[in-house]
Amino acid sequence: MRLSQFPITTTKETPADAEIVSHQLMLRAGLIRRLSSGLFSWMPLGLRVLQRVEAIVREEMTRAGAVELLMPSIQPAELWEESGRWTKMGPQMLKMRDRHDRDFCYGPTHEEVICHHVRQDVKSYKQLPVNYFQIQTKFRDEIRPRFGVMRSREFLMKDAYSFHMDAASLEETYQAMRAAYTRIFERIGVDFRIVQADSGDIGGSRSEEFHVLAASGEDALAVARDGQYAANVEAAATLPAPGPRPTPTAAMQQVETPHCKTIEQVSNHLGIAAQQCLKTLLVMGCNDKPLALVVRGDHAINDVKAANHPLVRDPVTLVDESAARACAGAGFGSLGPVGLDMPVIVDHAAAALSDFACGANADGMHLINVNWGRDLPEPQVADLRTILDGDPSPTGEGPVQIVRGIEVGHIFQLGRKYTEAMNVTVLDADGREAHPEMGCYGIGVTRVVAACIEQCADDKGIVWPESIAPFSVVVAPINAKKSERAAQAARELYEALLSEGINAVLDDRNLRPGVMFADLELIGIPHRIVVGDRTLDRGALEYKARDAAEAVDIPNTLDAVLAALRGDLPDQA
RNA sequence: CGGGGUGUAGCGCAGCCUGGUAGCGCACCUGCAUGGGGUGCAGGUGGUCGCAGGUUCAAAUCCUGCCUCCCCGACCA
């Protein structure tokens with residue numbers, strides 16, 4: 001490729017609305033252009049990168065035994081009504097109607113469609129297991145798209161769906177996908193971590209996420225400092241406090257706490273640490289009646305854990321203040337578990353307290369020196385809170401630290417949830433109908449590009465890893481306009497690299513050197529060979545790796561260039 | 001969806017308060033000079049000032065409505 005023939009538009013200035021490095025650089029380097037909120041065009045340079053990621057994903061999926069197909073992005077409503085997700089997915093799904101008034105959606109995912117095809121085509125256990133994948137555009141109408149292609153509404157996803165006669169077969173494919181994903185992210189060259197995850201809206205039993213570690217990541221991960229344990233904080237279990245509860249020391253007492261609406265205010269007013277206070281939230285139960293969730297004052301309720309509790313309605317729905325007053329006798333800020341006429345679910349840590357403070361269920365009043373089993377019944381205990389930095393890891397591997405990550409992959413064991421809902425059956429060896437086990441496996445292909453830039457950039461621009469760079473090496477003549485000798489030498493080297501099968505590009509734009517260098521660094525090409533009269537005079541070329549501090553002279557031979565591309569550089573005097 | 005901001009040339013912004021010829025930087029085009037780190041000088045192209053309505057002799061500017069985009073929040077009592 002010659003850059004004079006390849007439209008790239010770079011900018012010196014950073015667009016005002018780009019917040020994170022990858023978004024800024026993708027715009028500045030001209031990889032993407034925004035069309036509308038959460039909608040981006042991939043410009044030629046960006047597309048080359050995207051296609052390289054795709055190629056790696058495709059190769060590794062195929063190597064791991066998955067077979068590619070392509071399903072429509074527009075899907076009929078009937079399939080989603082069968083699975084129950086036409087309404088459950090909510091406004092995240094973009095719905096539309098055709099000229100015959102039939103309902104469709106732009107597919108946010110493809111479990112329904114693949115189940116439909118499998119129930120048509122797969123009749124016998126002999127055809128299983130099977131693992132289909134596609135690389136295809138999805139649309140999810142995100143509440144708030146942000147960070148460029150990191151959280152866009154339309155995005156490219158690799159999704160795979162496997163079907164099995166039994167759990168052992170599913171586990172085998174799940175592990176094969178886990179290994180394939182590991183290879184994919186290792187090949188791309190990003191620093192990533194596999195974490196345990198909640199299954200979220202997709203559902204199912206077991207799942208793990210692949211996160212690219214980056215400070216700008218939207219997800220918080222709990223990682224054992226000295227061990228293997230790692231989990232999304234949404235799913236990270238907390239341990240019950242060790243040992244028995246301390247013995248109560250004083251009688252329960254009601255005290256005035258006027259105008260105290262938050263734990264902080266109550267804690268300051270009473271001179272009692274937040275960890276000795278209880279925080280009480282009223283939420284809707286599955287039976288449409290309110291129930292109370294209680295955590296320690298310094299802890300936060302974890303929505304995902306709460307929603308997973310059998311008594312709590314999913315999604316977690318807070319009762320409003322007037323309803324709280326009607327059923328508990330007090331407004332927000334003065335609620336507590338004592339004397340409440342509703343189920344009370346208490347987090348481990350809150351259940352381990354003695355002599356604690358909590359709302360008195362009377363406005364402006366709290367109770368102090370409250371004790372479980374004495375002043376109110378022994379609580380029903382659950383894990384409700386979000387894990388904090390320094391908490392023990394649930395596997396006993398020491399304290400966790402909280403790091404941030406960008407979710408680029410997610411693998412699930414779905415069990416029979418969809419095959420039952422969609423009535424997918426095959427005949428087993430005994431001739432009986434059975435619902436297959438199912439797994440699904442996703443990679444956010446467009447997001448991988450952005451996540452990679454978050455890790456691979458410096459103050460000059462993008463520093464592509466070789467694996468997904470749009471071009472591997474650029475041949476850059478100095479003053480090609482004036483020096484036909486430099487221009488000629490550059491052309492010849494470029495042609496020679498091409499015939500070696502190298503993804504080379506010639507910068508024949510006739511730019512001034514400063515502009516050219518700044519541009520090439522911004523777009524992040526891993527290797528640069530500068531050809532100029534000055535170096536030619538001494539029989540040399542100048543080589544610089546994008547991530548190296550200094551350029552070095554190499555002999556003016558193809559072999560020396562090829563060696564340099566392999567990282568084999570001559571010793572410098 | 002709630003709150004805050006924003007909208008003026010492809011990008012970044014000023015002008016608006018106090019109504020009166022639409023500006024600056026970057027980018028782009030032309031010429032000359034320059035030629036190893038975003039070069040200099042000169043000239044130039046490009047804008048129904050988000051949309052609609054209103055006030056006024058006159059609206060980018062004041063008023064009303066709508067829209068866009070961005071940020072924060074979206075149950076933590």
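Model, not experiment: these values are computed from the prediction.
- If you take atom C1' in B:G3 and the same atom in B:C49, they sit 27 Å apart, rounded to whole Å.
- Taking the six-membered ring where tryptophan is involved, the planes of A:His23 and A:Phe40 are perpendicular, since the angle between them exceeds 60° and thus also 30°.
- Salt bridge A:Asp507/A:Arg2: absent, no basic N to carboxylate O contact under 4.0 Å.
- Taking the P atom of each, B:C51 and B:A60 are spaced 11 Å apart, rounded to whole Å.
- At whole-Å resolution of the value, CG in A:Asp519 and P in B:U39 are 12 Å apart.
- The pairing partner recorded for B:C13 is B:G23, the criterion being a Watson-Crick or G-U wobble arrangement whose two distances lie under 3.5 angstrom.
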Inset, instruction - Would you check, one step at a time, whether the test side-chain hydrogen bond (donor to acceptor under 3.5 Å, both in side chains) holds for A:Gln275 with A:His299? - result: CA-CA 8 Å; A:Gln275 335 25 340; A:His299 286 154; over 6 Å; no

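- Partner assigned to B:G65 is B:C51, using Watson-Crick or G-U wobble distances below 3.5 angstrom.
- Side-chain contact, A:Thr14 with A:Gln24: no donor N or O sits under 3.5 Å from an acceptor N or O.
- Residue A:Glu218 contributes atom CD, which lies 11 Å from atom P of B:G73 at whole-angstrom precision.
- Here the separation of B:C28 from B:C72, taken at their P atoms, is 33 Å to the nearest Å.
- Within 4.0 Å of A:Val530, counting heavy atoms only, lies at least one base atom of the nucleic acid.
- Nucleotide B:A33 forms a pair with B:U39, judged by Watson-Crick or G-U wobble geometry with both contacts under 3.5 Å.
- Rounded to whole Å, the P atom of B:G50 lies 15 Å from the corresponding atom of B:U68.
- Per the geometry, CG belonging to A:Asp553 stands 16 Å off P belonging to B:G36, to the nearest Å.
- Between A:Asn479 and A:Thr317, the one whose closest nucleotide on RNA chain B sits nearer the 5' end is A:Asn479.
- Residue-environment remark: NZ (A:Lys460) stays at or below the threshold of 12 foreign heavy atoms within 6.0 Å.
- In terms of position on RNA chain B, the residue among A:Thr10 and A:Val319 whose nearest nucleotide sits closer to the 5' end is A:Thr10.
- Distances were taken from every side-chain heavy atom of A:Ala300 (C-beta onward) to each of B:C71, B:C76, B:U34; the shortest belongs to B:C76.
- Rounded to an integer number of Å, the gap from A:Arg33 CZ to B:C11 P is 9 Å.
- Looking at A:Leu291, A:Val319, A:Thr317 one by one, the single match for side chain to side chain contact (heavy atoms under 4.5 Å, CB included) with A:Val283 turns out to be A:Leu291.
- The same atom, C1', is picked in B:A74 and in B:G12; the two are 32 Å apart, to the nearest Å.
- On a pure distance criterion of 3.5 Å, a polar donor-acceptor pair joins the side chain of A:Arg528 and the base of B:G37.
- Residues A:Val233 and A:Leu221 fail the side-chain proximity criterion, which asks for heavy atoms closer than 4.5 Å.
- Atoms CZ (A:Arg28) and P (B:G12) sit 13 Å apart, rounded to a whole Å.
- With C1' as the reference atom, B:C26 and B:U45 are 15 Å apart, rounded to whole Å.
- If you check distances only, the side chain of A:Lys12 never reaches the base of B:G38 with a donor-acceptor pair under 3.5 Å.
- Distance, A:Ile523 CD1 to B:G38 C1': 15 Å, rounded to whole Å.
- Under 4.0 angstrom from either OP1 or OP2 of B:C72 there lies at least one side-chain N or O belonging to A:Arg144.
- For the OP1/OP2 pair of B:C76 and a distance below 4.0 Å, the side-chain nitrogens and oxygens of A:Thr262 include no atom meeting the criterion.
- Across the C1' atoms, B:G31 and B:G4 are found 50 Å apart, a figure rounded to whole Å.
- What separates CG of A:Leu27 from P of B:C70 is a distance of 11 Å, to the nearest Å.
- In this structure, NE2 of A:His23 is placed 11 Å from C1' of B:C70, rounded to the nearest angstrom.
- A distance of about 31 Å separates the P atoms of B:G23 and B:C69, rounded to the whole Å.
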